Enquirer: 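Following this message is one structure expressed as structure tokens.
Computed from a prediction, not measured in an experiment: that's the story for all the values here. First listed ligand is number 1; within each ligand, the first listed atom is number 1.
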Amino acid sequence: MTSKGPEEEHPSVTLFRQYLRIRTVQPKPDYGAAVAFFEERARQLGLGCQKVEVAPGYVVTVLTWPGTNPALSSILLNSHTDVVPVFKEHWSHDPFEAFKDSEGYIYARGAQDMKCVSIQYLEAVRRLKVEGHRFPRTIHMTFVPDEEVGGHQGMELFVQRPEFQALRAGFALDEGIANPTDAFTVFYSERSPWWVRVTSTGRPGHGSLFIEDTAAEKLHKVVSSILAFREKEWQRLQSNPHLKEGAVTSVNLTKLEGGVAYNVVPATMSASFDFRVAPDVDFKAFEEQLQSWCQAAGEGVTLEFAQKWMHPQVTPTDDSNPWWAAFSQVCKDMNLSLEPEIMPASTDSRFIRAVGVPALGFSPLNRTPVLLHDHDERLHEAVFLRGVDIYTRLLPALASVPALPSDS
Ligand SMILES: [Zn+2]
Ligand SMILES: [Zn+2]
């Protein structure tokens with residue numbers, strides 16, 4: 001075909017847009033369609049394909065390009081398939097249409113987080129394979145469900161399975177975040193998510209009376225203590241230009257629940273908080289601090305954890321780590337400047353690092369505003385394609401890291 005129009009689009013971009021149209025949106029993702037999409041990719045690329053159902057309806061799809069030396073540990077390229085919900089009325093274009101504007105920006109939920117990365121992995125592998133390359137280490141691509149709601153039915157279970165052990169992963173790449181400057185952000189650790197619900201109980205009664213010891217006044221005290229802590233961490237971040245967001249602890253009040261009527265003082269109320277605890281925090285002391293804020297508010301104030309990650313790990317970013325050496329050397333060769341940071345949010349990397357596999361969080365997206373989870377999430381096709389180039393250089397280097405003591 002020689003006619004003008006979409007036929008002229010780069011095939012990698014077309015594939016990316018096809019994937020963006022699959023509605024893997026929480027809370028009811030169409031995982032079946034995503035699995036079928038990756039099975040078809042495996043067939044087309046001549047890759048091994050394994051489906052591991054880690055919980056009913058939750059399948060991890062593993063695409064494998066075997067290396068020439070099966071004795072060596074493998075490279076794991078991980079990406080999640082689910083995306084967060086949208087507020088459709090705030091979007092310029094349908095978030096599941098993958099509309100491309102005249103400048104080349106592709107609008108879609110998942111354009112940055114992280115459907116771009118899944119396709120960039122696949123397209124880099126395709127290119128290298130077509131060019132006839134083979135590398136010593138096996139490359140596995142894992143496409144996992146459930147990340148956006150905590151990974152409890154996804155990577156958290158998968159890393160405990162014999163099928164994961166059998167991959168013999170020596171090193172992993174997973175998602176990062178776009179960088180608006182010319183530089184690329186790379187994450188070597190993460191803050192730990194602690195989701196905390198504080199429940200306050202007190203004396204109920206008529207809404208016209210000065211009732212003492214109410215649930216609301218005690219909850220208010222805890223909320224004040226926690227928001228004062230938030231302000232302190234915010235100031236600490238603001239006053240030190242060397243500190244990046246991931247190096248301090250953040251917290252947001254994300255839910256308030258309780259009450260039945262204007263004129264009934266409720267016996268119970270609760271507040272929910274999303275803490276992201278910096279990796280250098282003393283977790284035991286921090287939990288005691290939370291408990292003491294509850295106790296200081298009065299009788300009948302308790303807390304429970306909906307999520308409490310206790311195993312922060314750091315992947316070294318110096319040449320003592322041969323994976324870092326290979327990764328950073330490629331970036332140097334390509335003149336890419338890297339900004340190593342602690343991931344402020346949480347990804348499946350935490351489960352991977354916790355089972356002893358070093359991992360870097362990297363989405364090869366520079367000159368791109370950070371729009372993950374936001375309205376009008378979009379990515380320029382040229383940035384997307386540059387990312388494929390970057391993986392096309394990274395994969396040969398990583399899959400050719402010579403035998404390590406940990407390989408035997
Ligand atoms: Zn993500
Ligand atoms: Zn996300």
Enquirer: Can you tell me, to 10 degrees, how wide the angle at the Zn ion (ligand 2) is between NE2 on His373 and OE1 on Glu148?
Expert: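 NE2 of His373, the Zn ion (ligand 2) and OE1 of Glu148 span an angle of about 90°.
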Enquirer: So that I can tick it off, tell me whether Glu233 and Arg230 are bridged by a salt bridge, with the cut-off set at under 4.0 angstrom between side-chain N and carboxylate O.
Expert: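 Result for this pair is no, no salt bridge flagged.
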Enquirer: State the atom name: nearest N, O or S atom of Glu175 to the Zn ion (ligand 1).
Expert: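 The nearest such atom is OE1.
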Enquirer: Can you say whether the rings of Trp323 and Phe171 are parallel (under 30°), tilted (30 to 60°) or perpendicular (over 60°)?
Expert: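 Judged by the thresholds at 30° and 60°, the geometry between Trp323 and Phe171 is parallel.
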Enquirer: What is the name of the N/O/S atom of Asp113 that is nearest to the Zn ion (ligand 1)?
Expert: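 For Asp113, the N, O or S atom at the smallest distance from the Zn ion (ligand 1) is OD1.
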Enquirer: Hey, are the side chains of Phe143 and Ser118 touching, using non-hydrogen atoms and a 4.5 Å cut-off?
Expert: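 The answer is yes, as the side chains (C-beta and beyond) meet within the 4.5 Å cut-off.
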Enquirer: So, are Arg168 and Asp407 salt-bridged, with charged N and O less than 4.0 Å apart?
Expert: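 Judged by the 4.0 Å cut-off on N to carboxylate O distance, Arg168 and Asp407 do not form a salt bridge.
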